Protein chains: 2
Amino acid sequence: MPASSRPATILEVARDAGVSKTSVSRYYSGERERLSASMQQRIAQAAERLGYQPNPMARGLKGGPSGLVGMLVADIRNPFSVAVMHGVEQACRRQGLSLMVCNTDNDPTLERQNLALLTSYRIEGLIVNAAGRHGEALAELAGGGLPLVLLDRSLEGIDADEVGLDNDQAIDIALDHLTERGYRRVLFVTEPPARASSRQARLARFESNRAARGLEGDILQAELDDTTRLDHGLSDFLAASTRQPAAILCGNGQVTLAVTRALQARQVPLGEIGLMGIDELDWCQLVTPGITTLAQPTDAIGQAAVDRLRARQAGRTTPEPRHERFIPTLIPRASTCRPGNKAPDATCDETRP
Amino acid sequence: MPASSRPATILEVARDAGVSKTSVSRYYSGERERLSASMQQRIAQAAERLGYQPNPMARGLKGGPSGLVGMLVADIRNPFSVAVMHGVEQACRRQGLSLMVCNTDNDPTLERQNLALLTSYRIEGLIVNAAGRHGEALAELAGGGLPLVLLDRSLEGIDADEVGLDNDQAIDIALDHLTERGYRRVLFVTEPPARASSRQARLARFESNRAARGLEGDILQAELDDTTRLDHGLSDFLAASTRQPAAILCGNGQVTLAVTRALQARQVPLGEIGLMGIDELDWCQLVTPGITTLAQPTDAIGQAAVDRLRARQAGRTTPEPRHERFIPTLIPRASTCRPGNKAPDATCDETRP
DNA sequence: TTGTACGCGTTATCAC
DNA sequence: GTGATAACGCGTACAA
């Protein structure tokens, strides 16, 4: 029954147990074995009685390990970010680490502030999934020895471990799928890639491999809140695609949402006009007739990020940064089934969306 | 260019500026005005040069204000929770507070652990949107003087401020809407209410007011991963509703998702069978023909939670807990348009979903 | 207006 | 094995 307004201190426990605070400290610092059995028991009882918990502040002050991992997220409302974050969290828990997440809302100022906050709490590692305008601050930290993992991002001037989707393979899988399904023209829709390297990577791969596969196509870059631009871009593509089977490939989940809205407003029949997105979302299965997606292994990605951090911490890894790329899973649905498809596969036969 | 592996201390800044550390401390503790202009300038320069940041650990150790607010979230993957969290975060920022969020994954053990973590960092206030099995721990904290706000939850034995939806009004608005649209039978689908009081409140209101409005109806309680139970419940309701226009009311966003999936698997035409949900989600507008929802003012709710915390901190509020309830906004869509509806409103005329 | 000295809870270093 | 003591960085009486 540890009922007291102020948490018990190590000193109180020591007094209560009739031992020195050094011994209590040892008990909680992994040196439990070096203590005599009777002392262990007395400490355990006293701690239980007083509801003692070591104070991480005081610990951190002394410079000991904080057991804290920081994470910088660009947009907490992005389901993909949340999913990865969940993976990171689980992985941390398994390692006995605590996670401190900061949302930057895509704002460089907030990013700086939150970075300061995290470092001030003496985090032992940092996982970054943010814009990264001010890469300098990050570079400094990494230079200072803080283990750093870039999630779904590369940052210019920063040689850190990276974990994320294999963007090249993802685009290839998508183009393969669209080709198989008989589409001959593809529009790639993406947010402006300036801010995030993964967008850049996907875009570049699309540009370089589209033609190689004999596909016609185009690229539409638009901020997602700029519905006018999006509408016009889609209109132009659709208007130019009357002769050949055409499909739209969305660079990420947010894009898929915006594009689906735009298409629905124009009453474009999905399937006849193909639609495919990177990132699997709750509703992709629900929107008639079901939207084909490339699902990222978000839990595995989160786990990998924490693993990288641990490896750096332990120094059990080469100095040069390592990049870990995950292969997405194709989830075929009817949004990529052309009505006239000669050889439809199972997905297209099913009446179920 | 504050490039150093170890952050600067207040002492170093003091030395560099040729002043005492007391002055530097004052400079950062809001007593900036009491210092001479020249000293302010010298401190600012030195701090800039060394990249100094006050160490919150050391600050917190002394018992000073931590500037930290804690938040306990039951399920970080629930879009509603994330939306409110975003509101809380923004409000904190405006107040110069930092937010530390912990996800409990609906696990009482995790809840306890995270609670311990948060308190160990000397948070000045706690916002709770979690299961609350072990209410004792929370009750203790509140008793110890920690400002506490319950979000979308009441907890037995805890007299704390509460912020959330006006569940009674929400249900009333929903029943009004369904009645207006001509439905005569309503099935209320909810997750088991045991864990969350808001579910209990909505359920109770539905039970008490359904009959009063002359509606027939039923209630389906099911864990969302128990698809069998959900399917059977829906089947039974649909089978029994051949004579009268029937609708389904979903108790929250997660339920809406599960029910929509189930209905789509059975190829039930939305509208003919009405569908309505509490919580607005990205995709409710996209699923043909659009799902009617009750949107919660998530930002306002988050803001209100932080406001309550501040009021408690300042002691500028009555000791007895205050409950703040928000009215949802009805977003009518075609999922509640019966084909034979005599007096369809604009929503039902539009061809746009 | 500015500086000195002490304590916050913990761990590391050294002695016993 | 165990205990005393000095840091850690900061806020704050208190003295100047």
Side-chain angles (χ1 to χ4, degrees), chain A residues 2 4-44 46-47 50-68 116-117 119-122 124, chain B residues 2 4-44 46-47 50-68 116-117 119-122 124:
Chain A
S4 67
S5 66
R6 237 198 7 169
T9 76
I10 201 173
L11 192 61
E12 294 168 322
V13 175
R15 270 202 278 267
D16 190 280
V19 302
S20 83
K21 57 180 188 167
T22 306
S23 301
V24 181
S25 174
R26 286 209 240 275
Y27 182 83
Y28 281 99
S29 304
E31 312 204 37
R32 202 168 294 192
E33 286 72 18
R34 290 192 176 173
L35 300 175
S36 68
S38 78
M39 172 155 289
Q40 289 193 35
Q41 201 169 25
R42 289 194 308 190
I43 293 178
L50 275 56
Y52 169 72
Q53 279 179 218
N55 181 333
M57 299 266 187
R59 243 204 261 250
L61 190 54
K62 206 35 190 152
S66 64
L68 218 50
L117 182 71
T119 56
S120 74
Y121 278 101
R122 303 292 182 268
E124 294 174 23
Chain B
S4 67
S5 65
R6 236 200 5 169
T9 77
I10 200 173
L11 194 60
E12 293 169 320
V13 174
R15 269 203 278 268
D16 189 280
V19 303
S20 82
K21 61 173 190 170
T22 308
S23 303
V24 181
S25 174
R26 285 209 237 279
Y27 183 82
Y28 281 100
S29 303
E31 310 204 36
R32 201 168 294 191
E33 286 69 21
R34 289 193 176 173
L35 300 176
S36 69
S38 77
M39 172 157 288
Q40 288 193 36
Q41 202 171 25
R42 289 193 311 193
I43 294 179
L50 275 56
Y52 170 71
Q53 278 178 217
N55 181 334
M57 302 266 187
R59 255 212 258 247
L61 194 51
K62 198 46 183 156
S66 64
L68 219 51
L117 182 70
T119 56
S120 74
Y121 278 100
R122 302 293 183 269
E124 295 173 21

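This structure is a prediction, so every number in the text was calculated from the model and none was measured.
Under a 3.5 Å cut-off, the side chain of A:Glu12 and the backbone N or O of A:Leu50 do not form any donor-acceptor pair.
Atom CD in A:Glu31 sits about 10 Å away from atom C1' in C:dA12, given to the nearest Å. Rounding to whole angstrom units, CZ of residue B:Arg122 and P of C:dT10 are separated by 8 Å. The distance between atom NZ of A:Lys62 and atom P of C:dT11, rounded to the nearest whole Å, is 10 Å. Across the protein-nucleic acid pair, B:Leu61 atom CG and C:dT10 atom P stand 9 Å apart, rounded to whole Å. To the nearest angstrom, P of C:dT11 lies 12 Å from CZ of A:Arg32. Here C:dT4 presents its P atom at 14 Å from CD1 of B:Ile10, a figure rounded to the nearest Å. For B:Leu11 and D:dG11, the CG to P distance is 13 Å, given to the nearest whole Å. Per the geometry, CZ belonging to B:Arg15 stands 11 Å off P belonging to D:dG9, to the nearest Å.
Annotation: the span from A:Asp16 atom CG to A:Tyr52 atom OH amounts to 13.0 Å, rounded to 0.5 Å. For the atom pair A:Thr9 OG1 and A:Lys21 NZ, the distance stands at 8.5 Å (nearest 0.5 Å).
Using a 4.0 Å heavy-atom criterion, one finds that B:Met57 contacts no nucleic acid atom at all. Using a 4.0 Å heavy-atom cutoff across all strands shown, B:Arg26 reaches at least one base atom of the nucleic acid.
Nearest nucleotide to the B:Arg59 side chain, out of C:dG3, C:dT11, D:dG11: D:dG11. Among the nucleotides C:dT10, D:dG11, C:dT2, the one closest to the side chain of A:Asn55 is C:dT10. Looking at the side chain of A:Thr22, the nearest of the listed nucleotides D:dG9, C:dT13, C:dT2 is C:dT13. Distance from the side chain of B:Ala58 is smallest to D:dG9 among C:dG3, D:dG9, C:dT1. The nucleotide whose nearest atom lies closest to any side-chain atom of B:Ser36 is, among C:dC8, C:dT1, C:dG9, C:dT1. Closest to the side chain of A:Ser20, out of D:dG3, C:dT10, C:dC8, is D:dG3.
Taking side-chain N and O atoms only, B:Tyr52 has a distance below 4.0 Å to OP1 or OP2 of D:dC10. When the side-chain nitrogen and oxygen atoms of A:Arg34 are compared with OP1 and OP2 of D:dG1, none of them lie within a distance under 4.0 Å. One finds no side-chain N or O of A:Ser23 lying less than 4.0 angstrom from the OP1 or OP2 phosphate oxygen of D:dG1.
Side-chain atoms of B:Ser25 and base atoms of D:dT12 include no donor and acceptor less than 3.5 Å apart. Side-chain atoms of A:Lys21 come within donor-acceptor range of the base of C:dT10, with a qualifying N/O pair under 3.5 Å.
In this structure, B:Leu35 and B:Ile43 have side chains that are in contact, with non-hydrogen atoms separated by less than 4.5 Å. At a threshold of 4.5 Å between non-hydrogen side-chain atoms, the residues B:Arg26 and B:Thr22 count as touching.
Atom CD of A:Glu31 sits in a crowded spot, with more than 12 heavy atoms from other residues, nucleotides or ligands closer than 6.0 Å.
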